[in-house]
Amino acid sequence: MKKLLLKAPAVFAFALCCVFLSCNKNQCEPCGSNYKAIPQEMKDWALFGEGSWWVYRLAEDTTVFDTVRFSSRSDFRSNLTTCDDNSAPSIGCSETITYHLKHSNKNYFANPFNSNLTVYDEINLYYPNGGGVFLRYNNGAAPGTSGVIFGIAPIKMGEHYGNFSLIDTLNNFKFNGFLVQQAFNSQIITTNPPIPKSFDKVFWGKNIGLLKIQLTHANGETKTWELINYDVKQ
């Protein structure tokens, strides 16, 4: 009898927990027509598929190159059908797309945990709190300054998107022999002293991706990488 009494509180707690979770789950209605998918306009800016690659040349030493290749993609559904299917920092009932691009140059983009490997860049497309759709970029060589570099609905120059500010939008211009129909330029918000290992300036082309990036390394040196060739799959 004593043994049964000892088990009773545990059984009651388990039952109470089940009831609570069940009620909580019932309160989470499916998104239905309220679900927000990433619009094609944003995908055209930054959604590249398997087989995509980009070749960059170092402006300070034109004998140095880096090839970046598509590595992987994962899609998150924030509360599409249940309360558990969430992805921060997306709002509820919205899509988040994340993918990775792998560098080839071990001298400039070495993995800090294994020098025989190179780092990855990460790109996120998501709906943040406050409206709009954001493009978040994390350069593997400067993870401490990853941040939102672009957004749509609306695009506002001079407005801060996290650690970055949209400086300018560019239309129909040539860059290293490429005709770029639409592009933007974002840069890190001025800090004093400068953040070590940061990416300070970003030029990005629609349907192309990263055109040019300026990186400040831990030793204070600035390196600029410029796109010289690419093959994008969308």
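When reading the values below, keep in mind they use all heavy atoms of this one structure, side chains included, and skip hydrogens, waters and symmetry mates. Computed from a predicted structure; not experimentally measured.
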Whether Ser146 side chain and Asn138 backbone form a donor-acceptor pair below 3.5 Å: no
Aromatic plane relationship, His103 with Phe109 - under 30° parallel, 30 to 60° tilted, over 60° perpendicular: parallel
Rounded distance [0.5 Å steps], CH2 in Trp54 versus CG in Asp231: 9.0 Å
Ile149/Leu135 under side chain to side chain contact (heavy atoms under 4.5 Å, CB included): CA gap, chis, key distance, verdict: CA-CA 6 Å; Ile149 59 172; Leu135 161 58; 4.1 Å; yes
Rounded distance (nearest 0.5 Å) linking atom CD of Glu50 with atom OG of Ser52: 9.0 Å
Donor-acceptor contact present, side-chain Tyr127 to main-chain Ala37, <3.5 Å: yes
Student check: side-chain heavy atoms of Tyr108 and Lys223 closer than 4.5 Å: yes
Heavy-atom donor-acceptor pair, Asn176 side chain to Leu227 backbone, under 3.5 Å: yes
Backbone N/O of Asn185 and side chain of Lys201: donor-acceptor pair under 3.5 Å: no
Side-chain donor-acceptor contact under 3.5 Å, Asp121 with Tyr137: yes
Asn229 side, atom CG; Arg57 side, atom CZ - distance, nearest 0.5 Å: 11.0 Å
Working for side-chain hydrogen bond (donor to acceptor under 3.5 Å, both in side chains), residues Thr118 and Lys102: CA-CA 7 Å; Thr118 54; Lys102 184 174 176 58; 3.1 Å; yes
Under 3.5 Å side-chain donor-acceptor pair for Gln181 and Asn171: no
Geometric class of the Trp204/Phe184 ring pair [parallel <30°, tilted 30-60°, perpendicular >60°]: parallel
Rounded distance [0.5 Å steps], CG in Leu101 versus OG1 in Thr67: 12.5 Å
Check: Tyr56 side chain, Leu210 main-chain N or O, donor-acceptor pair, under 3.5 Å: yes
Enclosure of Lys36 NZ (heavy-atom neighbours >12, cutoff 6.0 Å): no
Ring centre gap for Tyr230 and Trp53 strictly below 6.0 Å: no
side-chain hydrogen bond (donor to acceptor under 3.5 Å, both in side chains) assessment of Gln234 paired with Asn207: CA-CA 8 Å; Gln234 285 188 314; Asn207 299 119; 2.9 Å; yes
Under 3.5 Å: donor-acceptor pair, side chain of Glu226, backbone of Lys212: no
Heavy-atom pair of closest approach, residues Val232 and Ile208: CG2-O, 3.5 Å
Parallel, tilted or perpendicular: rings of Phe164 and Phe199 (30°, 60°): parallel
Sub-4.5 Å side-chain heavy-atom contact between Val180 and Leu211: yes
Linked, directly or transitively: Phe65 and Leu215 (ILVMFWY side chains, under 4.5 Å): no
Ring centers of Phe203, Phe175 separated by less than 6.0 Å: no
Worked verdict on Asn163 versus Thr145 for side-chain hydrogen bond (donor to acceptor under 3.5 Å, both in side chains): CA-CA 7 Å; Asn163 294 328; Thr145 50; over 6 Å; no
Spacing of OG1 belonging to Thr222 relative to CD belonging to Gln214, to within rounding of 0.5 Å: 5.0 Å
Between Thr216 and Glu221, a side-chain donor and acceptor under 3.5 Å: no
Shortest non-hydrogen separation from Asp75 to Glu95 and the atoms involved: OD2-OE2, 4.2 Å
